Amino acid sequence: MQYTLELLKVIEGALSNNLTQVTAYSELLASKLEKEGDDRSAKSIRKKLNSLSTQYSTAGLNGQLEPVVPVDKDSRLTLGDVLYPTLDGAHILLPASIQESVDEFLSFISKAHLLAEAGVGISPSMMLYGPPGCGKTQLAHHIAAKLELPLITARCDTLISSFLGSTAKNIRSLFDHAASRPCVLFLDEFDAFAKARDDQHELGELKRVVVSLLQNIDALPENTILLAATNHQGLLDPAVWRRFAYRLKITLPNKELRCCLIEQFLGDFCPKNVKRIADATEGMSGATIQQACKTAIRNAILLGQKQIDIDKLIIGLSMEQYQDILNHSELSDEDKIIKLRMINSKVFTIERLSVIFGLSTGKISTLTSNKDSN
Ligand SMILES: Nc1ncnc2c1ncn2[C@@H]1O[C@H](COP(=O)(O)OP(=O)(O)OP(=O)(O)O)[C@@H](O)[C@H]1O
Ligand SMILES: [Mg+2]
C-alpha cells in the first residue's frame, strides 16, 4: 500500500501516546492525498485533526496544524525555528563534485525504504563544513525544500543552556520533537557545542553534553534527516564526525562558480564582462559577493543606470573583503594602502586606491613606489 509508512507512524504515535507524531504524520498523509487529487479524504483527515487539543498552533504552511517546538525551561526561548523553505528562496550554486554528493544524498533519502528492506539502511545525516559565507545554511534550506519537508533549525546557543544540567534535557526534547514529525533537523553553528569549552561550563558538564548529543544522534529513527553545519571543523570531536554518514566540505567558489554567482546576484543589471569581476573576487565567499552585488544594484538604480558599474563593484567587493584592514583603527591610511597593494596589486590599482582613500593618483603612486623601492 502506498501510504504504509505514514499509517505506521500514526499508529506508532497513538500507541506511544505521542500526539505530535500522530498529528504530524496525519498532516503529511493529508497533503499527500491532496496532491494526488483526493481532496475529500484530505479534508476529513484535517477536520479530525482540527478537533484535536489546543497544544498545536496553526502557524504552519497553509494554516496546517503545527506541533509546538519545545522551549528552554529557564529562558523560555524556543529550542528550534521551523521554516518551510522553497526552492526559489533557497537557490544554491555548487561545484559539480559537491552537487553530485548532494544529489546522491537526496536520492538515498528518496530510496531509503528500498535500502532499509535490503538491511543496509543508514541514518540520513550530513555534516556541512567550510569557510563562512559559502552557502552551508543555504544548502540546508535547499535540501529541505527539495524534500518538501519543514526545516527545524536548532538554536545551538539556546540548546546549551546557561544553567548546568539543562543542556542535555534541551537536546533530548528537541531530538524527541524532531523524531516525532517528518522534518529535517538542522544543527547550525554546530561548533557552539565545542566552543562551550571556553565558557563557564566545567569540563565534566561539557563531556556530558557531548555524550548526550551523541546518544541522541544514535537514537534518531532511521528516517529522520539530520544536517549540521560548522565553520570550525577543527574543534569537533572525532566521535561527532563518525555519526555523520556524509561529510561535505563546502569550499570557496572557484572562478567558474563566481561567474555564475555574479550573474545570478546581478540579474538584469549584469554587464557582459563578468569574467573581469570574477578575476577580482578570488578568495571571496558567495556571501561577500552577494553583499557587494546588492550595493551595486542599489547604486545603479539610484543613478538610473541599466547595468552596474564594473569598477565600482570591484571597489565595493574589495572593501567588503578587506573590511578588517580598512577599518583597522591602529593603521594609518598610508599603511593600509601599502598593505592592500601588497595583498593584490591587480585588484588594488592606483586608480581604485585613489577612489577608496580619496587621495590623488599621484600621491598613491608615490606612496606605493616608495615602498617598492625600499
Ligand atoms: N554557493 C552559493 N550559492 C548561492 N548563494 C550563495 C552561495 N554561497 C553563499 N551564498 C549566499 O550567501 C548568503 C550566506 O550564505 P550562508 O549563510 O548559507 O553561508 P554559511 O556557509 O552558512 O556561512 P556561516 O558559516 O557564516 O554560517 C546566502 O544567503 C546566499 O544567498
Ligand atoms: Mg551558516
Side-chain angles (χ1 to χ4, degrees), residues 80-103 105-106 125-147 151-160 184-195 226-236 240-241 244 246-267 269-270 274 277-278 280-298 308 313 316-317 319-321 323-324:
D81 296 315
V82 186
L83 276 178
Y84 293 83
T86 59
L87 283 176
D88 278 349
H91 190 70
I92 186 141
L93 290 166
L94 296 168
S97 61
I98 299 182
Q99 186 63 53
E100 257 171 45
S101 305
V102 173
D103 292 344
F105 182 67
L106 289 169
S125 52
M126 184 186 264
M127 169 69 82
L128 305 167
Y129 64 101
C134 288
K136 299 180 294 293
T137 302
Q138 182 88 338
L139 179 56
H141 286 233
H142 179 80
I143 290 175
K146 275 270 187 194
L147 296 168
L151 181 75
I152 303 185
T153 303
R155 299 178 169 202
C156 290
D157 50 343
T158 318
L159 270 184
I160 303 173
V184 175
L185 175 59
F186 178 37
L187 307 174
D188 204 0
E189 317 282 344
F190 194 73
D191 38 275
F193 284 102
K195 281 216 202 105
L226 176 69
L227 302 177
T230 177
N231 45 31
H232 296 283
Q233 62 270 22
L235 293 178
L236 296 187
V240 172
W241 284 101
F244 291 85
Y246 284 74
R247 294 157 224 168
L248 204 54
K249 183 170 184 186
I250 313 291
T251 49
L252 286 168
N254 58 20
K255 186 170 168 189
E256 197 188 338
L257 200 69
R258 293 199 303 276
C259 281
C260 300
L261 285 170
I262 293 163
E263 279 169 0
Q264 185 200 308
F265 295 147
L266 291 178
F269 289 88
C270 193
V274 180
I277 310 173
T281 53
E282 192 167 352
M284 294 188 191
S285 69
T288 305
I289 298 174
Q290 186 184 39
Q291 204 56 41
C293 286
K294 274 189 187 162
T295 312
I297 293 177
R298 248 179 255 131
I308 59 99
L313 173 58
L317 281 160
M319 291 177 78
E320 199 57 67
Q321 174 80 343
Q323 297 183 28
D324 290 1

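None of these values were measured; they are calculated from a predicted model. Just so you know, ligand 1 is whichever comes first in the structure, and atom 1 is the first atom listed for that ligand.
- Only protein N, O or S atoms were scored, and 1 of them lie under 2.8 Å from the Mg ion (ligand 2).
- Heavy atoms of H91 approach ligand 1 to within less than 4.0 angstrom.
- The shortest N/O to N/O separation between L261 and ligand 1 does not fall below 3.5 Å.
- Ligand 1 lies less than 4.0 angstrom from a heavy atom belonging to C134.
- Polar contact check, T137 against ligand 1: a nitrogen or oxygen pair lies under 3.5 Å apart.
- When T281, N254, V274 are each tested for a side chain to side chain contact (heavy atoms under 4.5 Å, CB included) with C259, only one passes: V274.
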Can you list the steps and then say if V102 with I92 is a side-chain contact (heavy atoms from CB on, under 4.5 Å)?
CA-CA 11 Å; V102 173; I92 186 141; over 6 Å; no
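- For atom 12 (O) of ligand 1, the closest non-hydrogen atom on the protein side is A287 CA, 3.3 Å.
- Using a 4.0 angstrom heavy-atom cutoff, P253 does not count as in contact with ligand 1.
- Nearest residue to atom 10 (N) of ligand 1 from A229, P132, G286 is G286 (criterion: closest heavy atom).
- Listed for the Q138 side chain is a donor-acceptor partner under 3.5 Å among the backbone atoms of H91.
- A heavy-atom separation below 4.0 Å is not found between H141 and ligand 1.
- The two residues D191 and N231 come nearest to each other via the heavy atoms OD1-N, 3.6 Å.
- Within the 4.5 Å cutoff, no side-chain heavy atoms of L235 are placed close to those of T230.
- L87 has its side chain within reach of K146: a pair of non-hydrogen atoms, C-beta onward, lies under 4.5 Å apart.
- For ligand 1, the polar-atom distance check finds an N/O of G133 within less than 3.5 Å of one of the ligand's N/O atoms.
- Considering every non-hydrogen atom in both F265 and I297, the closest pair reads O-CD1, 3.3 Å.
- Contacts between Q290 and ligand 1, counted as non-hydrogen atom pairs separated by less than 4.0 Å, involve the side chain only.
- For atom 27 (O) of ligand 1, the closest non-hydrogen atom on the protein side is E189 OE2, 3.5 Å.
- Closest non-hydrogen pair, A229 versus D188, comes out as CB-OD1, 3.6 Å.
- Between T137 and T153 the shortest side-chain heavy-atom distance does not fall below 4.5 Å.
- Ranking the protein heavy atoms by distance from atom 6 (C) of ligand 1 puts F265 CZ, 4.1 Å first.
- Here the side chains of E282 and R258 are in contact, with some heavy-atom distance below 4.5 Å.
- From the protein, the heavy atom lying nearest to atom 19 (O) of ligand 1 is G135 N, 3.2 Å.
- Of the listed options H142, Q138, K136, H232, Q138 places a heavy atom closest to atom 29 (O) of ligand 1.
- Contact check for L248 versus M127: no side-chain heavy atoms found under the 4.5 Å cut-off.
- At least one N/O-N/O distance between L93 and ligand 1 falls below 3.5 Å.
- The closest side-chain heavy-atom distance from L227 to F105 is below 4.5 Å.
- Scanning all protein heavy atoms for the shortest distance to atom 25 (O) of ligand 1 gives N231 ND2, 2.6 Å.
- For the pair G133 and S285, the tightest heavy-atom approach, listed with the atom from each and the gap, is O-CB, 3.4 Å.
- Just one of Y129, Y246, F190 meets the ring-ring contact (aromatic ring centres under 6.0 Å, His included) condition when paired with W241; it is Y129.
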